[in-house]
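The next block holds one structure in the form of structure tokens; read it before the comments.
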There are 2 protein chains.
Amino acid sequence: MTRIATLSETRDNCHNCRLRTLCLPDNLPVEDVGRLAGIVQRRKPVSRGTLLFQAGQRFNSIYAVRTGAVKTTTLMANGDEHISGFHLPGEVIGLDAIVSRDHPSTAVALETASVCEIPYAELENLSDRTPALQHQLMRIMSRELLAEQSTNHLLTRRSAEQRLAVVLLTFSERFASRGLSAQRFRLPMSRLDLGNYLGLVPETMSRTFRRLEEQGLVSIAGKEVEIVDICAMQGLAFGAQGAQAARA
Amino acid sequence: MTRIATLSETRDNCHNCRLRTLCLPDNLPVEDVGRLAGIVQRRKPVSRGTLLFQAGQRFNSIYAVRTGAVKTTTLMANGDEHISGFHLPGEVIGLDAIVSRDHPSTAVALETASVCEIPYAELENLSDRTPALQHQLMRIMSRELLAEQSTNHLLTRRSAEQRLAVVLLTFSERFASRGLSAQRFRLPMSRLDLGNYLGLVPETMSRTFRRLEEQGLVSIAGKEVEIVDICAMQGLAFGAQGAQAARA
DNA sequence: CGCTAGTTTGATGGTAATCAACGCCCGTGG
DNA sequence: CCACGGGCGTTGATTACCATCAAACTAGCG
């Protein structure tokens with residue numbers, strides 16, 4: 001069932017992409033999408049564990065996830081590794097490298113995944129002549145900034161249960177906006193990875209999953225998640241105060 | 001001693017600004033700095049507590065801090081307020097509003113402060129015709145992204161002592177790069193604000209300051225800070241593991 | 001069929017939140 | 001000038017949550 005992409009298909013890259021409204025081409029007029037498609041390079045699928053780029057590597061391109069899921073990790077000054085995000089199809093990664101010559105983080109495929117590579121020099125060059133593209137880039141970076149801020153809040157002021165609830169609801173929404181079920185989905189990462197992202201050790205992850213299940217909010221089977229009571233989940237995630245300080 | 005800025009002085013805005021290498025004009029050719037200066041509006045100093053913009057307000061401009069210090073806060077879904085950052089002269093705020101029509105956060109002067117207002121429509125328009133400006137904008141956003149990521153790590157995986165050490169060292173560096181002393185400085189925010197930012201209650205802030213002092217790392221007098229042993233501070237901030245999980 | 005990474009369970013302890021109360025600084029108004 | 005008040009900061013006692021340690025269990029995979 002392997003199909004070979006023809007050249008014309010490659011040119012069509014973004015036009016026909018189901019993810020176009022989540023990705024760089026969003027808000028672009030048709031002719032600009034064509035020009036963008038001209039510099040986008042589809043990469044062949046890679047298997048779980050493959051590095052898309054590595055911290056310290058020279059920054060040449062940003063990447064848009066096409067299929068599968070990717071995590072980005074950073075080696076911190078003290079030597080431990082921090083997962084800065086999980087990325088689903090349509091999301092752009094590598095933006096944190098623009099300011100320096102090198103990638104600050106490493107991107108790893110969490111499952112079989114494929115990406116579009118966008119050489120940054122060419123993207124810069126193109127967006128110099130394409131205001132709409134430039135504006136879309138700014139919007140994407142602004143959105144990332146906003147997401148990081150809300151992650152910050154989540155991590156400082158919420159209990160383990162709330163962190164997990166928020167993250168599950170976030171995945172639910174992200175899957176839904178990609179046309180998948182908001183109720184049932186499969187988490188692409190291990191509990192260790194999810195715990196690293198949330199600032200919780202695996203033992204706590206396990207116990208917290210169980211507590212959510214006991215409360216009848218979710219049903220868990222390995223990496224398969226079913227959100228049983230979405231309202232109660234939202235109540236837990238966003239209602240009242242965290243377990244910790246929440247003074248004005 | 002009040003000086004009235006003349007028109008020509010206003011035009012010169014960015015050229016003569018001591019902060020130009022930290023701010024939007026950095027990396028721009030002289031003629032582009034002039035064009036940028038043409039759309040920058042100097043605002044009169046405002047006193048402590050003044051709101052520069054408010055969450056929910058229509059997004060029109062970004063702002064560069066010129067003097068003083070500013071905090072940005074966000075009202076989270078659960079009703080509590082989260083301080084997303086403290087901003088010193090040369091830093092640009094409001095970038096998180098680009099993606100939506102409205103400001104997600106509120107900016108408050110922490111002390112007497114003045115800002116430059118940069119109408120975003122004009123900035124967009126100008127950067128459409130000014131590649132270097134666009135690239136500088138991208139670099140600034142990328143830098144912000146990076147900063148948020150490292151804050152994330154700080155908040156999830158480090159003890160109260162380490163969080164405070166990191167934040168003090170960060171302020172030290174930021175003051176130093178503005179030509180001020182790296183050893184002695186005055187924190188512009190209350191302990192409550194700093195605690196909110198770090199995810200710590202005021203009681204813990206107080207005790208943690210005292211512990212750093214007892215260890216001979218710093219000397220504290222109200223908001224005045226002296227970093228006594230910078231090496232030991234760095235050791236504490238970046239060395240070894242945090243008090244919490246740090247598994248790969 | 002065993003191996004290893006990942007996950008779970010239980011027992012214990014430490015760090016920081018919470019609760020309670022007091023002292024300090026500073027601006028306001030009598 | 002002094003008294004008052006409130007925001008801010010400090011200190012102490014107690015508690016809760018989550019990390020840590022230890023160990024068993026499961027599942028994918030060569």
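Below, read A as the first sequence line, B as the second, and so on, with proteins coming before strands; counting in each chain starts at 1.
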Please round to 10 degrees the angle between the axis of the first five pairs and the axis of the last five pairs in the helix from dC1(C)-dG30(D) to dG30(C)-dC1(D).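 Axis angle across the helix from dC1(C)-dG30(D) to dG30(C)-dC1(D), nearest 10°: 30°.
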
Nearest listed nucleotide, side chain of Glu203(A), among dT7(C), dT10(D), dT9(C):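 Side chain of Glu203(A) sits closest to dT9(C).
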
Want to settle it: does Arg207(B) or Arg48(B) sit nearer the 5' end of DNA chain D, counting the closest nucleotide to each?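 The residue mapped nearer the 5' terminus is Arg48(B).
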
Establish, with yes or no, whether the OP1 or OP2 oxygen of [N] is under 4.0 angstrom from a side-chain nitrogen or oxygen of [X].
X	N	value
Arg191(A)	dT8(C)	yes
Thr204(A)	dA19(D)	yes
Ser206(B)	dG9(D)	no

Using heavy atoms and a sub-4.0 Å distance, could you list which residues of residues 208-227 of chain A are near DNA chain C? By number, please.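 Residues of residues 208-227 of chain A that come under 4.0 Å of DNA chain C are, in numerical order, Arg210(A), Lys223(A).
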
For the residue pair Arg101(A) and Phe59(A), would you count it as a cation-pi contact if the rule is NZ or CZ under 6.0 angstrom from the ring centre and within 45 degrees of the ring axis?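 Ring-cation test returns no.
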
[X] and [Y]: side chain donor to acceptor below 3.5 Å:
X	Y	value
Asp96(A)	Ser105(A)	yes
Thr112(B)	Ser47(B)	no
His87(A)	Thr72(A)	yes
Glu81(A)	Thr73(A)	yes
Thr106(A)	Gln54(A)	no

Protein heavy-atom contacts under 4.0 Å, written 5' to 3' over nucleotides 24-30 of chain D as B (base), S (sugar-phosphate only) or - (none), form the string -------

